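Below is one structure; the comments refer to it alone.
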Amino acid sequence: MSTARTVLVTGGNRGIGFAIAEEFVAAGHRVAVTARSGEGPVGSLTVRADVTDATSVDTAFTEVEAALGPVEVVVANAGITRDTLLMRMSEDDFTSVIDTNLSGAFRVVKRASKGMLKARFGRVVLISSVVGLYGSAGQVNYSASKSGLVGLARSVTRELGSRGITANVVAPGFIETEMTAVLPEPQQAEYKRTIPAGRFATPSEVARVVTWIAGDDAGYISGAVIPVDGGLGMGH
Ligand SMILES: NC(=O)c1ccc[n+]([C@@H]2O[C@H](COP(=O)([O-])OP(=O)(O)OC[C@H]3O[C@@H](n4cnc5c(N)ncnc54)[C@H](OP(=O)(O)O)[C@@H]3O)[C@@H](O)[C@H]2O)c1
């Protein structure tokens with residue numbers, strides 16, 4: 001088993017974030033989640049935070065630090081979509097997705113880096129998407145936000161790599177969550193035809209990769225983009 005760590009997962013009240021928090025709890029870590037509504041899994045501490053607001057992120061970290069100690073592993077998972085074709089995409093459709101998915105991750109990682117630098121240890125995991133590097137019609141905003149996370153992780157790696165801090169990107173393909181449940185059935189079937197694995201993944205299949213990349217065995221992996229996409233994005 002990996003060393004028990006204090007872990008914070010953003011958006012841990014449902015979907016992939018919930019599964020990630022569950023997996024860390026099961027592995028014996030001290031786990032907190034941020035949520036705007038609802039709660040994280042049993043055994044985790046839930047704190048309120050909106051990642052579009054730096055003060056709210058700061059308050060959440062302070063609460064977690066008081067209850068569980070300095071955050072050693074941070075998983076920036078909170079994300080939204082506002083899909084529409086480029087010609088129809090409003091400025092607000094674009095900036096709100098960037099503000100949550102990319103600037104939100106920046107706020108969380110910046111706040112986490114304080115404690116990590118002091119401890120000379122940290123694991124930063126950013127939840128991106130296969131479409132960050134593959135591209136996706138109707139998702140100019142979302143895929144731009146998700147590819148931005150690669151630059152973020154790689155720059156953090158170069159800046160903080162010598163202080164025992166790693167930063168990696170996990171890039172899921174299609175995962176069975178509320179985000180994909182809203183897709184019309186024919187579209188889901190079409191996607192499944194293009195995925196070499198022929199199916200969507202469960203949230204726990206992503207969660208187990210996240211706990212591994214944050215664990216003791218992955219200390220020399222940094223700046224990597226780890227696909228969990230059934231082969232959909234090969235080479236991207
Ligand atoms: N599902 C997929 O197929 C898939 C594929 C690739 C990548 N991803 C990525 O994986 C991550 C999780 O996706 P999911 O499918 O689990 O999505 P989800 O079920 O829609 O959950 C999204 C989570 O993000 C939180 N969130 C959204 N905006 C926030 C904000 N401003 N501040 C704080 N929290 C916020 C939500 O909180 P509330 O409950 O309060 O709204 C929720 O906990 C996302 O980054 C997504 O882009 C998903």
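Keep in mind it's a predicted model, so treat the numbers as computed, not measured. Order of appearance sets the numbers: ligands from 1, and atoms from 1 within every ligand.
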Starting from [atom], what is the nearest protein heavy atom, named by residue and atom, and what distance separates them?
atom                    : value
atom 19 (O) of ligand 1 : Arg14 NH1, 3.2 Å
atom 35 (C) of ligand 1 : Ala78 CB, 3.5 Å
atom 29 (C) of ligand 1 : Arg36 CZ, 3.5 Å
atom 7 (C) of ligand 1  : Ser128 O, 3.0 Å
atom 8 (N) of ligand 1  : Tyr142 OH, 3.5 Å
atom 14 (P) of ligand 1 : Thr177 OG1, 3.8 Å
atom 17 (O) of ligand 1 : Met179 CE, 3.7 Å
atom 12 (C) of ligand 1 : Asn77 OD1, 3.2 Å

Can you find a pair of side-chain heavy atoms, one from Leu133 and one from Val225, that are under 4.5 Å apart? yes

For Tyr134, does the OH atom sit with more than 12 other heavy atoms under 6.0 Å from it, leaving out its own atoms? no

Would you say that more than 12 heavy atoms from the other residues, nucleotides or ligands in this model lie under 6.0 Å from the CZ of Arg158, or not?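 Check fails, neighbour count at 12 or below.
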
Those atoms of ligand 1 less than 4.0 Å from some heavy atom in [X]:
X      : value
Ser37  : 39 (O), 40 (O)
Ile127 : 9 (C), 10 (O), 11 (C), 45 (O)
Gly11  : 25 (C), 43 (O)
Phe174 : 3 (O)

Relative to atom 13 (O) of ligand 1, which among Val108, Leu126, Val170, Ile16 owns the nearest non-hydrogen atom? Ile16

Closest to atom 33 (C) of ligand 1 among Ala49, Ala19, Ala105 (heavy-atom distance):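 The nearest heavy atom belongs to Ala49.
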
Do you see a donor-acceptor pair shorter than 3.5 Å between the side chains of [X] and [Y]?
X      : Y      : value
Ser222 : Thr157 : yes
Asp93  : Ser90  : yes
Thr52  : Asp50  : yes
Asn77  : Thr10  : no

Flag [X] as yes when one of its N or O atoms lies below 3.5 Å from any N or O atom of ligand 1, and as no otherwise.
X      : value
Ile175 : yes
Thr180 : no
Ile80  : no
Gly15  : no

Where's the contact between [X] and ligand 1, heavy-atom distance under 4.0 Å: side chain, backbone, both or neither?
X      : answer
Ala35  : neither
Asp50  : both
Thr100 : side chain
Lys146 : side chain

Identify whether the distance between the nearest side-chain nitrogen and carboxylate oxygen of Arg199 and Glu205 falls below 4.0 Å. yes

Is Arg82 salt-bridged to Asp92, cutoff N-O under 4.0 Å? yes

I'd like to know whether ligand 1 has Gly173 as a neighbour, heavy-atom separation below 4.0 Å. yes

Give a yes/no on ligand 1: does Thr52 have at least one heavy atom closer than 4.0 angstrom to it?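 Contact present.
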
Please test Arg48 against Glu39 for salt bridge (Lys or Arg N to Asp or Glu O under 4.0 Å), starting from the C-alpha separation and ending with a verdict. CA-CA 9 Å; Arg48 296 280 161 232; Glu39 299 284 320; 3.6 Å; yes

Looking at Phe174, is Lys192 sitting on its ring face, NZ or CZ under 6.0 Å from the six-membered ring centre and within 45 degrees of the normal?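 So Lys192 doesn't make the cation-pi contact.
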
Should the pair Arg5 and Phe24 be classed as cation-pi, given the thresholds of under 6.0 Å to the six-membered ring centre and 45° from the axis? no

Nearest 0.5 Å please: distance from the CG atom of Leu149 over to the CZ atom of Arg154. 12.0 Å

Any donor and acceptor pair, going by atom type alone, linking the side chain of Gln188 with main-chain N or O of Leu183 inside 3.5 Å? yes

